[in-house]
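A quick write-up on the structure given underneath.
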2 protein chains.
Amino acid sequence: MSTKDKILDAAENFIRTQGFNSFSFRDVAAAIGIKSASVHYHFPTKDDLGEAVTDRYSANILASLEAEGAESTAPAIRVDAFIGIYRGALKDARQMCLCGMLGAEIESLGDPVKAAVRRFFQAQENWLASFLRKTHPEQDDEVARARARSAVAALQGALIMARTMDDHSVFEDVAARIRTGLIR
Amino acid sequence: MSTKDKILDAAENFIRTQGFNSFSFRDVAAAIGIKSASVHYHFPTKDDLGEAVTDRYSANILASLEAEGAESTAPAIRVDAFIGIYRGALKDARQMCLCGMLGAEIESLGDPVKAAVRRFFQAQENWLASFLRKTHPEQDDEVARARARSAVAALQGALIMARTMDDHSVFEDVAARIRTGLIR
DNA sequence: GTCTATAATTTGATAGAC
DNA sequence: GTCTATCAAATTATAGAC
């Protein structure tokens, strides 16, 4: 793996576990065995790094949804693919969604990072709303949008609560209700 | 107002808008027109300050619920009081729930602050679960708990999304669905 | 591309005068 | 209780050697 990718991996991990404002270039460098000046070579400023991490994250999530939850797949599978993205990070590494964390800290971020986080949430809402319009063609678009927003919000909040309480059952309780709500 | 209270107010505002790791003792001091050494006099360490802010916040929320959403009140009013606490901060000052922010950043916090945040979420879940057991005595306790957790999670996520998208309608869409879900 | 070295600033925290 | 002064460490970031 290239140094650039290693930097992105380390930075993503720091953001998702501790937040954007509680790690330094030295932390990233130390995590992958280089010096902080080398990190600056690849990403001049912390905002540059944050923007790159966020853009890559968004693209990865959308690609994963296209792979596991493509339009041809059955509705229940598509919903499980969506929820599974949130569950995976929690289970494997006790991580937040990158954009859930950045969204909480949004007021402390530079404009390019802010915009990248916004695009992520818009894409999430759009994916779920599009899914719902397909499975419930009789429903108003505004209802689909409200249902989509509610599901994304609940998943983000479930990650916060499950991590805080150190109890995965919080996430599973919420996920089960979202799943039913989206499929019914 | 005492200096101590002014410090708590300023710190709470910083945490709820920017997060715990993006403000300093100097920021707090400057916000209320004193010097950082005076802040240290009242709260020796940043963890001490964080713990005090969180404990005060929890107590205030519970008191507010007891005032506006007491057990004698009608169910719809009680639910509105609960949701109104989250809506208020967003509407008035574009703020997160203090413990939603700290919950996201939980891994970067000291143990006393962590514990205080946990107590808040437990209290929120307990309040709503107790409400649901009263309004739906026929339902299992585990169902009430799952419904309570889901509502709190959705509200926390709704604050993140509404702030990120700079669009209060995100919160209102989620809040309307939570309200219906809790009252039905 | 990665390093050493360093600048300029900020941070959490303390000592001691008033 | 609040201040000035200060510390040691950490932070973002850059210059220049290799």
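Since the structure is predicted, the reported quantities are computational estimates derived from the model, not experimental observations. Values below: all heavy atoms of this structure, side chains included; hydrogens, waters and symmetry mates excluded. To find a chain, count down the sequence lines: A is the first, B the second, and so on, and within it residues start at 1.
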*Roughly, in whole Å, what's the span from OH in Tyr41(B) to C1' in dC18(C)?*
14 Å

*To the nearest Å, give me how far apart CD1 (Ile7(A)) and P (dT12(D)) are.*
14 Å

*Round to the nearest Å and state the distance from Phe25(A) atom CZ to dA10(D) atom C1'.*
14 Å

_For dT2(C) and Thr3(A) - does any side-chain N or O of the residue sit under 4.0 Å from the phosphate oxygens OP1/OP2?_
yes

*Please say whether more than 12 non-hydrogen atoms of neighbouring residues, nucleotides or ligands are located less than 6.0 Å from NZ in Lys134(B).*
yes

*Starting at CG of Asn21(A) and ending at P of dT11(D), how long is that distance when rounded to a whole Å?*
12 Å

*What's the CZ-C1' distance between Phe43(A) and dG1(C), to the nearest Å?*
14 Å

*Using only heavy-atom distances, determine whether the side chains of Ser58(B) and Asp55(B) contain a donor-acceptor pair under 3.5 Å.*
no

*Figure out the CG/P separation between Leu49(B) and dA13(C), and round it to whole Å.*
10 Å

*Return yes if some donor-acceptor pair links the side-chain N/O of Lys114(A) with the main-chain N/O of Ser108(A) below 3.5 Å, else return no.*
no

*Please give, in whole Å, the distance from dT11(C) P to Phe14(B) CZ?*
10 Å

*Counting only side-chain N and O atoms of Ser38(B), is one of them less than 4.0 Å from OP1 or OP2 of dC3(D)?*
yes

*Please state whether the phosphate of dT10(C), meaning OP1 or OP2, lies under 4.0 angstrom from any side-chain nitrogen or oxygen of Ser24(B).*
no

*Separation of Lys35(B) atom NZ from dG16(C) atom P, in whole Å?*
21 Å

*Nearest to the side chain of Ala37(B), which nucleotide is it out of dT6(C), dT4(D), dA13(C)?*
dT4(D)

_Between His42(A) and dT2(C), is there a contact of a side-chain N or O with OP1 or OP2 at under 4.0 Å?_
yes

*Is there a donor-acceptor pair under 3.5 Å between the side chain of Ser38(A) and the backbone N or O of Ile34(A)?*
no

